Structure formats: C-alpha cells, structure tokens
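Data first, discussion second: the structure below is written as structure tokens.
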Number of protein chains: 2
Amino acid sequence: MTARTSNDSARDIPEATVARLPVYLRALMTLAEREIETCSSEELASAAGVNSAKLRKDLSHLGSYGTRGVGYDVEYLRYQIAREIGLTQDWPVVIVGIGNLGHALANYSGFRSRGFRVVALLDADPGRHDEMVAGIDVRPFDDLESIVAENDVAIGVIATPANAAQDVADRMVAAGITSVLNFAPTVLSVPEGVDVRKVDLSIELQILAYHVQRKAAAALVEADVEEDSA
Amino acid sequence: MTARTSNDSARDIPEATVARLPVYLRALMTLAEREIETCSSEELASAAGVNSAKLRKDLSHLGSYGTRGVGYDVEYLRYQIAREIGLTQDWPVVIVGIGNLGHALANYSGFRSRGFRVVALLDADPGRHDEMVAGIDVRPFDDLESIVAENDVAIGVIATPANAAQDVADRMVAAGITSVLNFAPTVLSVPEGVDVRKVDLSIELQILAYHVQRKAAAALVEADVEEDSA
DNA sequence: TAGATTGTTAATCGATTAACAATC
DNA sequence: TAGATTGTTAATCGATTAACAATC
C-alpha cells in the first residue's frame, strides 16, 4: 500500500542546495516578469548570483527539467522548484512579539506572495491587544494553542526580546509547532524533530565588520610593502 | 619597516568560523552577566549551540586563549573575540530606506551595544524627511555622499524595496562604502572588493517550509510502513 | 549534421568531528 | 602526582568546480 510520490529523487536534497532553491525561484520570477520564456543555466545562474556549474548541480538533485541544447522553460522550472520547496500549498504562520520587528514582518509582502499566510499576531503585552497591524488584530499570547489547533499552524515566528524567546518556543512546541523562525538574539533549545532557523541582524553586521577590518589591515600591509620597495 | 600585527595567526580565519565568532561572543556575554568567570569549551559550546570540538577548532584559529585543565577566562576570551571581529572600535553605519524594516533596524539595540553607530537614516521620499526615528532624523538620500565622507562610513544597510536596491548600492559604492548589508529581496551586483551580505526574510521561511513538507512526507511513509506490517 | 547546452563525473576544496597528546 | 581540559592531528564528510559525454 505504500504510495511513494512520483519523484523519489526528490529526497535528500543537500542543505546547501535547499538554501539556494528560493534564490533560483526569485530569479525565475524576475525573468518571468520580463516575459522571458526560456533561459540557459548561464543566464539563470547570473540572475541568481551563482555560477552555472553550481546551478546545474543543484537542479540535478530535483530531476531533469531542462532541455539539452536549449535551456530551461522559465515557467515550468519555476513550478517545479516551488513544488519541491512546498510553495504550491498555503502555510499558516503565527508571529509572536509585535514590536518594531514584528510590525515589519507582519507587513512584509514577501511572505504572502510566497504562500505564507499570517493567521495571527500575538503579544503578551495587553496594551498591544486589539491594535490592528497589517489588517490583523493583535491577540493575547495565551490564544496560541487554540490558534495553532484551529489553523493547523506548522510554522512560528519569534520576534520577541531575547529573554522571552525560550518560553515562547516552549509554548509553540507544546502547541504542536515543528518549525520556528527565531529573530530573537538567543540560542533556543528545542526537542529533536523541531527545526529552528535563526536570523540575527547584529551577527550579520559583525561578520561585515570583520571583513572591513581585514580589508583595512590588508591595505596597510600593502602600503608598507610599497614603502619598503621605494 | 613593515610592522606586522602581534598575532599573525589571526589572518585567514575560515568563513564558517568567522560566522560563528559573534555567536560565541554573545554566549560569553550571557555567561558574564551571570557572573561566571571561567568556562570549559563544553560549557561555552553548549551555551552557543555548537559542539565543543567545533568550538575549540574555531578558537584555535584566533590563538591560544585557554588554559589546559582549566578552561577559558570569560572576560579575556570575550575581549579577544571582540578584538578579532573588530568590535573594540566604533563602526559608523548608514541605513537607507526607512519603511517598517528600516524603523526596526534603527531601533534595534543590538547594533549600538556592539559598537555600531547609526550616523544617518536616509530615504528618497521627501514625505519622510525630518521625521524622527530612534532619535535620529530622516534625511534625503542625496545627502549620502557627504554623510559617508564626514563620518567615515564603511558599512551601509539597504532596507529599501527591491527595485531601488541596486541604485542605492551603486551610490553607496561610489560614495566609498565597501560593505553592504542588504535586506532587499534582490541580487546586487557590486565591484570586486565590495562585500555584500544578504538577509532575506522570506527565504528563511521557505527553507523552513521545505523541511516541514519533508517531515510530513516522512510521517506518511512511516504510517504506510506500519500499515504494511499490520 | 553542426552547434548549443544540459546533466553527470571526478577532482578539489573546505568544514566537521573524534580522538588524543600536550599541559595546566 | 592525578585529573581535567585544551589545542591539534587526521579521518571523514559535504560542497564546489571544471570538464565533458550525452543529447536536443
């Protein structure tokens, strides 16, 4: 009775590839907007900011959706990648913590356009309740369980201060959420089987700072070398 | 005459390690807050959410800052990592695009506390000028060049819509900025030597969606197997 | 058939991990 | 000296890349 999906090769896509599929998807949408119907791996790779060997290798994990000598059909490949990621279905999402960042996330159009539907905004602060944000009213955090159950929410977004994040994650997991996107600058501990992805704004800046510093140091050394040879 | 810095081993830290240094830094700050003065690689690794072998390997690229049989001095290691990343100095930053996300970024306390100083908020929309955000007034985008020059800005943050981002990046580069943190959902092309890091909110959600879908598919297969064996 | 471009192979590179000698 | 824990080695794993046979 075991009904396998039509494409067994779809299993076990390397993480590095998974992380790039959304980038390819966006590049394909840009091409489609410009009414380009076909593209080569070279063209798509350039639009996505990667090299074409990597692109072809990545796509080879999904299946064989191109035509040798011709390239890829933009719309067909777009659909296949969307299906692979799971964007052909609707993903109900809750956002907890409606401060500045929560506002920004609730209003972010990139979510809705990719099939993510914000079903609720939650905040522990009663002062925020019934405020409307992005057309959705802010509800008490204690409504989490009922909202998750009623809407079959699988993805939770944490946009609270760091000290509240672990509690929120615990409650989310208890309510049945298995995937968490964490914007709070803290390490969450969750049971096996729960996925956490972290976006940390200040860490990105710190990585940049490291490289700025290195560039400055390299420039100094170079100046010294010139001085030496003079 | 070439004056090398005291620690030549500080050069050529692997990218993967650089990306984790800020995580260690944050973990050390948490330990320091709890007035813990010494920690083992095991304890620090656990606080940072990595395994201890990786932590020790990472730290070994910076130098030898621990004591065998004892562990690491929290404050000393914190300082060494901060120095390595370049956080012992002040980094002037400009933010362009003061929509929801720009607001959130301008108000984000994690920047200031790590030595990033927002010297200006810029927006092309005259309707937003002279509005105060996070105690800084919003200025015209055309002030970019003079602000960069006056404040020695090396890092620019782009929080504009996608269609404006490339223009903003071009102007930033022309003004002398060599490191860009891009929140706009688009691939930027910049000259060699300019660093771009990208934070894409919807891509993170899409990666999560892929894993949710996989978990659901795996659960189905398992149910089928049980049915078969029944 | 000739030209173009994919999908795959195999080599290379970088990151992770376990194990342990060095040493406090 | 005995116990603890670092820093390093070496093995393994996964990702990237160039090259090219397959094939439209």
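Protein chains get the first letters and strands the later ones, always in sequence-line order, with residue 1 at the start of each. Owing to the predicted nature of the structure, the values given are computational and were not obtained by experimental measurement.
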side-chain contact (heavy atoms from CB on, under 4.5 Å) between A:Phe116 and B:Ser202, intermediate numbers included
CA-CA 9 Å; A:Phe116 298 100; B:Ser202 105; 5.7 Å; no

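Contact check, B:Ser64 against D:dG7: a side-chain N or O comes under 4.0 Å of OP1 or OP2. Regarding contacts with the backbone of D:dG7, a side-chain N or O of B:Tyr72 is found under 4.0 angstrom from either OP1 or OP2. The side chain of B:Ser41 contributes no N or O atom lying less than 4.0 Å from OP1 or OP2 of D:dT5.
Rounded to an integer number of Å, the gap from A:His61 NE2 to C:dT8 P is 10 Å. Rounded to whole Å, atom P of C:dG7 lies 10 Å from atom CG of A:Leu62. For the pair B:Leu59 CG and D:dT5 P, the interatomic distance rounds to 16 Å; values are reported in whole Å. Counting to the nearest Å, the C1' atom of C:dT6 and the CG atom of A:Asp58 are 14 Å from each other. The interatomic distance linking B:Tyr76 (OH) with D:dT6 (P) rounds to 15 Å, in whole Å. Put simply, CD on A:Glu42 is 8 Å from P on C:dT6, counting in whole angstrom units.
Proximity of B:Phe183 to B:Leu105: side-chain heavy atoms (C-beta onward) are separated by under 4.5 Å at one or more points.
By the ring pair (Phe, Tyr, Trp, His ring centres under 6.0 Å) test, A:Tyr76 pairs with A:Tyr65, sequence neighbours left out. The side chain to side chain contact (heavy atoms under 4.5 Å, CB included) test applied to B:Arg117 returns B:Asp90, B:Pro92, B:Val119, not counting sequence neighbours. Residues that satisfy the side chain to side chain contact (heavy atoms under 4.5 Å, CB included) test with B:Ala162, not counting sequence neighbours, are B:Pro185, B:Thr186.
In this structure, B:Glu15 reaches the sugar-phosphate backbone alone: every heavy-atom distance under 4.0 Å involves primed, P, OP1 or OP2 atoms, never a base.
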Can you give one letter per nucleotide of nucleotides 17-24 of chain C, 5' to 3': B if a protein heavy atom sits under 4.0 Å from the base, S if only from the sugar-phosphate, - if neither?
BBB-BBBB

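Closest approach of A:Thr38 and A:Val70 over heavy atoms only: CG2-O, 4.0 Å.
Legend: salt bridge (Lys or Arg N to Asp or Glu O under 4.0 Å) pairs involving residues 67-80 of chain B, not counting sequence neighbours, sorted by first then second residue: B:Glu75-B:Arg78.
Taking a pair as Watson-Crick or G-U wobble with both distances under 3.5 Å, the runs of three or more consecutive pairs in DNA chain C are C:3-24 with D:3-24.
In summary, the side chains of A:Glu42 and A:Ser46 do not present any donor paired with an acceptor at a separation below 3.5 Å, with no hydrogens or angles considered.
Checked against B:Ser179 for a side-chain contact (heavy atoms from CB on, under 4.5 Å), the options B:Val194, B:Ile155, B:Val157 give a single hit: B:Ile155.
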